[in-house]
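What follows is a single structure, written as structure tokens, with notes after it.
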Amino acid sequence: MATNVIMPALEMAQETGKVVHWLKRPGDAVQKGEPLVEIETDKVTVEIEAPASGVLRDVSAHEGDVVPVGQTIALILAPGEVGVAVAPATVLPAASTAAAPSGGAVKASPLARRIAEQHGVDLGRVKTASGRIEKADVLAYVEGQKASSSSGNGGAVRLAPASPKARRLATERGVDLGAVRGSGPGGAVLAMDVPTARPAVAAPSTPREAAAGVGTVWRIMAERMTTSWTTAPHFYLVREVNVSRLVAWLARARKQTGAHITYTDLLVKLVAAAISQHPRVNASWRDGAIVQNSDINIGLAVAIDDGLVVPVVHRADTLGLAQLAARREDIVSRAQAGKLRPADIQGGGFTISNLGMYGVDAFNAIVNPPQAAILAVGRIADRVVALDGRPAVQPTMVLTLSCDHRALDGARGAQFLGALAELVEEPLALLI
């Protein structure tokens, strides 16, 4: 019996996937579990494995095609089997990856719905770049209707696609979004595109050289981070910790295990322990509710040429240091080589972003949606601190916890960061 090869849903909000490269050709024999095709999502390029053994036939989606999730893109037949012809896959424009969800209820914030009711606006007619309608989108639609009425044009108002923050900035600066060339998906205007002053004369449109070098992963990463920054109310908690014992622990761990253990591995171990004590940090904000994650899965922010990816260390609380080091080496090396598997990027509940190796003292990271928090880690440096009432030079590190206030409040965030700081300063507390 023929087995369908479908465009998989690798993430909760994913609606489409892009076929990057077929690793097998029609007529090739394939084995179940063998890498079959490379698919690009809004986060990363992953290899999809063959769902069955047999012969690859009827490939209906070609390299570069953007296909809706759940659609059949090929068949795997048993040797000698004749399959039913597959209809050509529905190929969407690349910009459709950021389109509003098809069908179902309109996604909108409670405030946007309330304003829409007050002004008698049908939310189904409001188009946005992110697919979720915010207050600024409704207000812009209302203003557009007023302008249309005053000009005597009774036709439907079509808004220029733009992020909520871009609409707000355009209103404040008196900029017509219709005259702004957007860098977001489908030409959507992002906050960075809105000029500081009203443009005097529209210059002839010329392709921006930088845009040609921006891939889908980078472009969608920019859109996701913009959405997080403009919709998630961020707050930050900062703690400087003494890492004298952490440094000593690293040396002992390397000697005892023989593995190439790094500070990131130690931090994953300690963060997992702190999350066990304060599980509320291991949550997500989804559809207006807080969803608690059952497993402690920690994502590691990894920079690649195409953008930023976050492979996941699953069930980090159950792994020893040598296992954590091996897992970290595996997923980071495959992320940099573009060989991540679907499971590698799924299920993350908390993220660590470490820029200490670049000499950064401290920074504020943007929450990785729909997670509740992300930990930013700075470099280890000798600093003057108070020790037994006297100044002393000690190695310290700055930890910054960025939180989404919708899912996590200041008190719970502070309790988690305090527990983590205690573990960093005294790692032996893990044995208690």
Side-chain angles (χ1 to χ4, degrees), residues 3-52 54-76 86-99 183-187 210-225 299 301-312 330-348:
T3 301
N4 292 333
V5 179
I6 66 171
M7 177 61 69
L10 306 178
E11 302 152 26
M12 289 189 59
Q14 182 187 345
E15 296 181 4
T16 61
K18 179 180 178 181
V19 177
V20 177
H21 177 60
W22 282 99
L23 303 175
K24 296 289 184 177
R25 297 299 176 190
D28 287 353
V30 298
Q31 296 296 319
K32 182 177 181 180
E34 183 180 13
L36 182 64
V37 59
E38 291 182 355
I39 300 295
E40 185 180 81
T41 73
D42 64 353
K43 290 183 180 178
V44 70
T45 299
V46 296
E47 291 182 347
I48 303 301
E49 299 174 350
V55 179
L56 181 65
R57 298 285 187 189
D58 298 332
V59 174
S60 58
H62 305 287
E63 295 177 2
D65 289 349
V66 177
V67 180
V69 163
Q71 188 163 118
T72 297
I73 58 177
L75 294 179
I76 295 178
V86 177
T90 301
V91 179
L92 304 176
S96 67
T97 54
S183 63
V214 176
T216 301
V217 173
W218 186 284
R219 177 171 52 80
I220 301 301
M221 176 197 71
E223 179 67 18
R224 284 174 56 83
M225 291 299 97
V302 178
I304 61 175
D305 290 340
D306 291 335
L308 185 71
V309 295
V310 186
V312 178
D330 177 48
I331 59 177
V332 170
S333 62
R334 284 192 290 106
Q336 293 170 339
K339 300 296 183 182
L340 287 173
R341 295 185 292 265
D344 295 330
I345 60 172
Q346 293 175 331

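- Residues Trp22 and His62 come closest through the heavy atom pair NE1-CA, 4.3 Å.
- Here the CZ atom belonging to Arg341 is positioned 4.0 Å from the CZ atom belonging to Arg334, to the nearest 0.5 angstrom.
- The nearest pair of heavy atoms linking Ala335 to Pro311 is CB-CG, 4.4 Å.
- Rounding to the nearest 0.5 Å places CG of Leu75 at 5.5 Å from CG of Asn4.
- Scanning both residues, Ile76 and Ala50, for their nearest heavy atoms gives CD1-CB, 4.0 Å.
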Point to revise | Steps toward side chain to side chain contact (heavy atoms under 4.5 Å, CB included) verdict (Val309, Ile345) | key: CA-CA 8 Å; Val309 295; Ile345 60 172; 5.8 Å; no
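- Across every non-hydrogen atom of Val20 and Ile39, the tightest pair is CG2-C, 4.3 Å.
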Practice item. Show your reasoning for whether salt bridge (charged side-chain N to carboxylate O under 4.0 Å, His left out) applies to Glu47 and Lys24. Key: CA-CA 12 Å; Glu47 291 182 347; Lys24 296 289 184 177; over 6 Å; no
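- Rounding to the nearest 0.5 angstrom, the gap separating the CD1 atom in Ile73 from the CG atom in Asp58 is 12.5 Å.
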Point to revise | Derivation and outcome, side chain to side chain contact (heavy atoms under 4.5 Å, CB included), residues Val19 and Met7 | key: CA-CA 9 Å; Val19 177; Met7 177 61 69; 4.0 Å; yes
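- Of all the heavy atoms in Ala61 and Val67, the pair that sits closest is CB-CG2, 3.8 Å.
- Considering only residues two or more places apart in sequence or on other chains, Gln336 meets the side chain to side chain donor-acceptor pair (under 3.5 Å) condition with none of them.
- In this structure, the side chains of Val312 and Asp344 stay at 4.5 Å or more apart for every pair of heavy atoms.
- When side chains are defined from C-beta on, Ile48 counts as touching Val37, because their heavy atoms get closer than 4.5 Å.
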Exercise for review: Verify side chain to side chain contact (heavy atoms under 4.5 Å, CB included) between Thr72 and Ile6, making sure each step is shown before the conclusion.
Suggested key: CA-CA 4 Å; Thr72 297; Ile6 66 171; 4.0 Å; yes
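- With sequence neighbours excluded, no residue forms a salt bridge (charged side-chain N to carboxylate O under 4.0 Å, His left out) with Lys32.
- When all heavy atoms are compared, the tightest approach of His21 to Arg25 is CE1-NH2, 3.8 Å.
- In this structure, CG in Leu36 is found 8.0 Å from CD in Glu34, a value given to the nearest 0.5 Å.
- Contact check for Leu308 versus Trp218: no side-chain heavy atoms found under the 4.5 Å cut-off.
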